[in-house]
Amino acid sequence: MSSKKSKKTTKFTDEHAAVLQATHKPSTAFSKNARIGSMAAYEKLYRESIAKPEVFWAREARELVWRKPFSKTLKWKAPDAQWFIGGKLNVAENCVDRHAAGTRKNKAAIIWEGEPGDKRVITYAQLHREVCKFSNVLLARGVKAKARVLIYMPMIPEAAIAMLACARIGAVHNVVFGGFASEAILDRLEDSGATAIITADGGWRRGKVIALKPAVDEALKKYHKIKHVFVVKRTENDISMQPGRDLWWQDEMETASAKHEAEGFDSEHPLFILYTSGSTGKPKGILHTSGGYLTGTYSTCKYIFDMRDEDIYWCTADVGWITGHSYIVYGPLANGVTQLMYEGAPNEPDFGRFWKMIEEHGVTIFYTAPTAIRAFIKAGDQFPEKHDLTSLRLLGSVGEPINPEAWNWYYEKIGGSRCPIVDTWWQTETGAILISPLPGATPCIPGTATRPFFGIDAAILDEYGNECPPNVDGRLVIRKPWPSMTRTIYGDKARFHKTYFSDYPGIYLAGDGARRDKKGNFWIIGRLDDVLNVSGHRLGTAEIESALVSHPSVAEAAVVARPHDLKGQAIAAFVTLKLGYESSEDLGKELRDHVGHVIGAIAKPEEIHFTPVLPKTRSGKIIRRLLKELVTTGTISGNVTTLEDVGVIELLQKLLKK
Ligand code: WTA
């Protein structure tokens, strides 16, 4: 027995387990008003939607405004899907004009709060004016349909306006997360061939100004195809402006006309590219198109968030990620909802910020990530307890599996044991939520994203392509196409085909391990490939390894994830140094900073282990599985038969004990 007295022991009892795994049925009050009010209603519509997906999706698509109706719903020859063929629509018109022209004209589209506390309310009519004006600015500066426009912005309304203006004129936006560094910008500029950039002087984060324009300037030293950089003045920090190329957003808008007639674009017209991590070093430019993507995001908002005119909806994601695209900009606005948008950090000035904002704005639907929930749990119940959260009626979670402890805390402390939690599974590639409870119908069990959305034929397959029996782990696949699925990896159709549709021909491979229980609920286990999920953000091991190896001292690097209380996963890097370099704490810090500089702060390894050798197969492949076991458990017990040199294990184990 240990002589040390532990501070606090919580015995894990059956009672505790029962609470964690309890089933939560939606209340009668919630079900009565919901679009889908019972499991029977879900099952019926689901069966119909799987028997005839085209009928379901065409009905959903027809709720949008089409300039020209589509003549055929789907053309599918794996991996190529075309949805709503012959149809023409304007995505921005669907998100803005149709509300601005009707009874929602003076309804708030975006209620925005800056981190320092400044506030703006933008009605649908005002949003329409802003989007039209910026569309005219882009056109006047030579940005045409299909041109790629890189957006690198803080969370300010102009980010949404910029995206919508691109969509309106048929330009293809590529939003780059504001936390990424200049090299990430450069990679994306080169891969997408962008000709314009929309950015800001900076944004507020944790009480400080984070400058953005300097990173753009740095990237533009090596990329010369940019004709104009539009810069929103937000923080008024000193930045440099290159005459002729760089233009202040505010100056351009001052003289721009607010009249712009939306043109209908083909349903398969490209809408945006968003880069995401894959198993190799080069991020994949996931391409989404117009009609299908909008149908998917519109329909899932309607059924899964059960959005109503009287709702105040808040998704805390950043527009730099797919969640910000689908569930801040396109889905909610297509539904004409009022949403809250927030610029800054959840703990500025303290961990009560979100709860204060929910109380003040009367938020009814709140959508956030498990990593944020875990940080709130750690900060303490005193923060939410100070605020009246009774306006909330529905909660959502996204980005990684939500652990039952976090689920229960969210349910009780934030939702007052009254609000259903929709645990939504989806990906950058899927465009919209594919697996999730429907809040008025599905019994929720902490830890499962439950059942597939309408039209989504999800299954768990073994390595031979057979369906796994209940409760057996396998690979999550989607067997039928759906409208919001990615159409390609920009410029690399072969990689697209190979990554998603080659393991099981014609079937979409999600890259996640999962199992299905006897009731048909899907339990997502995590990624099967070399993709990490740090605080709900996707990062590739290969990207981080290649950043490490780009440092002059590093010969070889292997990156793995280990479980982390707050982040879900933390990054552990094993590094071998070139001859003449010596390991030291300072070098470890330098390497961490170097990764931060190359990719961005979120990719900095939590721990760096210097080692003279890495475990490899006889063919020279690094066996990350062993390193992962080592950082997780401290030992290696798994299969080591493929190892070239078994001695390396003992060495690594010793190294880690130091
Ligand atoms: C993980 C984010 C479990 C999953 C929308 C997926 C989840 C990857 C969930 C996609 C969830 C997302 N439960 N795991 N509810 N939501 N994931 O492209 O591993 O940034 O493959 O899209 O996040 O991450 P991405």
Side-chain angles (χ1 to χ4, degrees), residues 175-177 179-180 272-279 283-288 293 296-297 300-301 304 315-328 330-331 367-374 395-404 406-407 410 421-437 442 444-453 456 458 460 473 475-478 484-486 489 499-500 508-516 521-540 543 561 567-569 602-603:
V175 185
V176 178
F177 173 55
F180 280 145
F272 66 84
I273 304 168
L274 183 62
Y275 286 82
T276 191
S277 299
S279 333
K284 305 178 276 196
I286 298 300
L287 180 87
H288 282 286
Y293 173 79
T297 52
T300 47
C301 276
I304 296 170
C315 165
T316 67
D318 189 285
V319 287
W321 309 110
I322 190 66
T323 308
H325 286 61
S326 302
Y327 297 105
I328 292 179
Y330 294 109
Y367 191 28
T368 196
T371 183
I373 298 168
R374 290 190 296 264
L395 303 174
S397 167
V398 61
E400 58 179 305
I402 175 164
N403 47 308
W407 197 101
Y410 196 29
I421 299 178
V422 288
D423 175 1
T424 60
W425 178 88
W426 60 297
Q427 308 174 294
T428 306
E429 294 88 337
T430 69
I433 298 166
L434 298 195
I435 303 179
S436 168
T442 319
C444 295
I445 305 168
T448 166
T450 72
R451 307 284 288 265
F453 187 65
I456 303 303
I460 313 280
D473 293 2
R475 303 172 189 177
L476 178 60
V477 299
I478 313 295
S484 65
M485 66 198 285
T486 167
I489 294 175
T499 310
Y500 305 110
Y508 174 80
L509 178 76
D512 276 353
R515 66 177 167 271
R516 198 177 193 174
N521 293 313
F522 283 81
W523 297 76
I524 313 293
I525 304 160
R527 300 290 305 187
L528 294 166
D529 51 14
D530 292 328
V531 173
L532 314 180
N533 191 331
V534 180
S535 301
H537 298 145
R538 263 170 83 167
L539 294 163
E543 265 169 274
K567 300 177 182 176
Q569 290 189 327
I602 49 166

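Just follow the structure's listing: the first ligand is 1, and inside any ligand the first atom is 1.
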Worksheet item: Do Trp426 and Tyr327 make the cut of ring centroids closer than 6.0 angstrom?
Response: yes
Practice prompt. Please confirm whether Phe522 and Trp425 have ring centers closer than 6.0 angstrom.
Written response: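 Here the rings of Trp425 and Phe522 have centres that are no less than 6.0 Å from each other.
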Discussion item. Between Glu543 and Lys284 (salt bridge meaning N to carboxylate O under 4.0 Å), is one present in this structure?
Written reply: no
Discussion item. Regarding Glu400 and Arg374, does a basic nitrogen lie under 4.0 Å from an acidic carboxylate oxygen?
Written reply: yes
What protein heavy atom sits nearest [atom], and how far away is it?
atom	result
atom 18 (O) of ligand 1	Thr428 OG1, 2.5 Å
atom 5 (C) of ligand 1	Trp426 CE2, 3.5 Å
atom 19 (O) of ligand 1	Asp512 OD1, 2.9 Å
atom 24 (O) of ligand 1	Arg538 CD, 3.1 Å

Response to the item:
Sorted by chain and residue number, the salt bridge (charged side-chain N to carboxylate O under 4.0 Å, His left out) partners of Asp512 (sequence neighbours excluded) come out as Arg527
Fill in: Candidates Asp473, Asn521, Thr448 - the one meeting side chain to side chain donor-acceptor pair (under 3.5 Å) with Arg515
Asp473
Quick check: [X] and ligand 1, any N/O pair under 3.5 Å apart?
X	answer
Glu429	no
Gly399	yes
Asp423	yes
Gln427	yes

Report the part of [X] in contact with ligand 1, treating N, CA, C, O as backbone and CB onward as side chain, heavy atoms under 4.0 Å; options are side chain, backbone, both, neither.
X	answer
Pro401	both
Asn533	side chain
Ile524	side chain

Worksheet entry | Per-atom contacts of ligand 1 with Thr424, taking only distances under 4.0 Å to non-hydrogen atoms |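 Answer for ligand 1: 9 (C), 11 (C), 15 (N), 16 (N).
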Item to complete: Measure the distances from the heavy atoms of Trp425 to every atom of ligand 1 and state whether one is below 4.0 angstrom.
Response: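 Yes, Trp425 has a heavy atom closer than 4.0 Å to ligand 1.
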Discussion item. Under the rule for ring pair (Phe, Tyr, Trp, His ring centres under 6.0 Å), what residues qualify as partners of Phe272, not counting sequence neighbours?
Written reply: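 With sequence neighbours excluded, Phe272 shows a ring pair (Phe, Tyr, Trp, His ring centres under 6.0 Å) to His173, His288, Tyr293, His325, given in chain and number order.
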Worksheet item: What pair of heavy atoms forms the shortest contact from Ser484 to Gly296, and how long is it?
Response: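 Shortest heavy-atom contact: CB-CA, 4.1 Å.
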